[in-house]
Protein chains: 2
Amino acid sequence: MPNQQHPIEQTFIALSDPTRRAVVQALSEGSATVSQLAKPFDMALPSFTQHLGVLENAGLIVSRREGRSRVCSLNPAALKDAEDWMAAHRKQWESRLDRFEAHLQNAKKEKSND
Amino acid sequence: MPNQQHPIEQTFIALSDPTRRAVVQALSEGSATVSQLAKPFDMALPSFTQHLGVLENAGLIVSRREGRSRVCSLNPAALKDAEDWMAAHRKQWESRLDRFEAHLQNAKKEKSND
DNA sequence: TTGTTGGTTAGGCATGGGCCTAAGCGTAAG
DNA sequence: CTTACGCTTAGGCCCATGCCTAACCAACAA
């Protein structure tokens, strides 16, 4: 059964492999079956399917069975979650930097007022 | 010598570990020395320093020596690069979805014009 | 000088991840 | 019914990663 919880950790793990990032990139162009996705890679199919499993487990992709094929599509929500995590910390740091620079400006002004 | 190239791969690898994400989170609150950062973790110092090495190698943090301490700070640029990568693919997929839905709407309208 | 503090280097162990081949299994086609 | 296709399951190999301890080094303190 597919893991219904998709902690952000799984997203970063999934995206830390070049094959899996390439799959995400490919799927951003549109849905595709397993063998269509696998074609560009010089890799045995079971290895490739394992990568898809990691991506699906992270919630980055979803798949539906269609005849004897399996069609995969991107799930933007998981990407968004990871983006948000990074943006939150980045912005907090950037705003601290801004306040620090403002403080420096302020100190400079105070001094020129002496 | 520190790796001067920071491909996006290193960023995702770095963020795929809970200890390292916690460090990023801590550093978003402000700069800190190695031992300050290490304190919350139940881990030998060499293990922790290794994590800092991964983060620095990914360009996520920078550090300067100060006396016998080493002060680390966050580098928002690396976070931004990874955010951008994800946002690009997410948005491309979302816009495809939008066009697809518009197409469905269109087909529906055509049919009602029969 | 002698210690102490803050951190790094060296080296080793155990688990996990990525890759493979071989075999199985359900669906579709002949 | 038999064959072919599109995967998935099982199991094994190998290297990378995360963790440890022990030893080292450089800066400051007594």
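For the numbers below, each heavy atom of this structure counts, side chains included, while hydrogens, waters and symmetry mates do not. Residue numbers begin at 1 in each chain, while the letters A, B, ... track the order of the sequences.
Of the charged side-chain nitrogens involved, at least one lies within less than 4.0 Å of a carboxylate oxygen, so that B/Glu9 and A/Arg21 count as a salt-bridged pair. Under a 4.0 Å N-O distance rule, the pair A/Glu56/A/Arg70 qualifies as a salt bridge.
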- Task: Evaluate the criterion salt bridge (charged side-chain N to carboxylate O under 4.0 Å, His left out) for residue pair B/Glu66 and B/Arg64; output intermediate values, then yes/no.
- Result: CA-CA 6 Å; B/Glu66 205 164 275; B/Arg64 59 181 191 280; 3.2 Å; yes
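In the set D/dC19, C/dG7, C/dA10, D/dC19 carries the atom at the smallest distance from any side-chain atom of B/Gln50. Picking from C/dC19, D/dT21, D/dG6 the nucleotide with the shortest atom distance to the side chain of A/Ser69 gives D/dG6. The A/Arg20 side chain lies nearest to C/dG18 when the options are C/dG18, D/dT9, D/dT21.
Rounding to whole angstrom units, CG of residue B/Leu37 and C1' of C/dT8 are separated by 16 Å. B/Asp42 has its CG atom 10 Å from the P atom of D/dT21, to the nearest Å. Rounded to an integer number of Å, the gap from B/Arg21 CZ to D/dG18 C1' is 15 Å. When the C1' atom of D/dG6 is taken as reference, atom CZ of A/Phe48 falls 13 Å away, rounded to whole Å. In this entry the distance linking NE2 of B/His51 with P of C/dT8 reads 14 Å, nearest Å. Rounded to an integer number of Å, the gap from A/Leu52 CG to D/dG6 P is 15 Å. Straight-line distance from the CD atom of A/Glu66 to the C1' atom of C/dG26: 16 Å, rounded to whole Å. Atom-to-atom, CG of A/Leu45 to C1' of D/dA10 comes out at 15 Å; the value is rounded to the nearest Å.
Between D/dC7 and A/Thr49, no contact under 4.0 Å exists linking OP1 or OP2 to a side-chain N or O. Using a 4.0 Å cut-off, some side-chain N or O of A/Arg70 falls inside it from OP1 or OP2 of D/dT8.
Here B/His89 and B/Trp93 keep their ring centres 6.0 angstrom or further from each other.
Residues A/Leu15 and A/Leu60 have side chains in contact (heavy-atom distance under 4.5 Å, counting atoms from C-beta outward).
Nearer the 5' end of DNA chain C, as judged by each residue's closest nucleotide, is the contact made by B/Val34, out of B/Val34 and A/Asp17. DNA chain C is contacted by both A/Ser16 and A/Arg65; A/Ser16 maps to the nucleotide lying nearer its 5′ end (nearest heavy atom per residue).
Applying the 3.5 Å distance criterion, the base of D/dC5 shares a donor-acceptor pair with the side chain of A/Arg68.
If you check every strand for non-hydrogen atoms under 4.0 Å, B/Ser35 touches sugar and phosphate atoms only.
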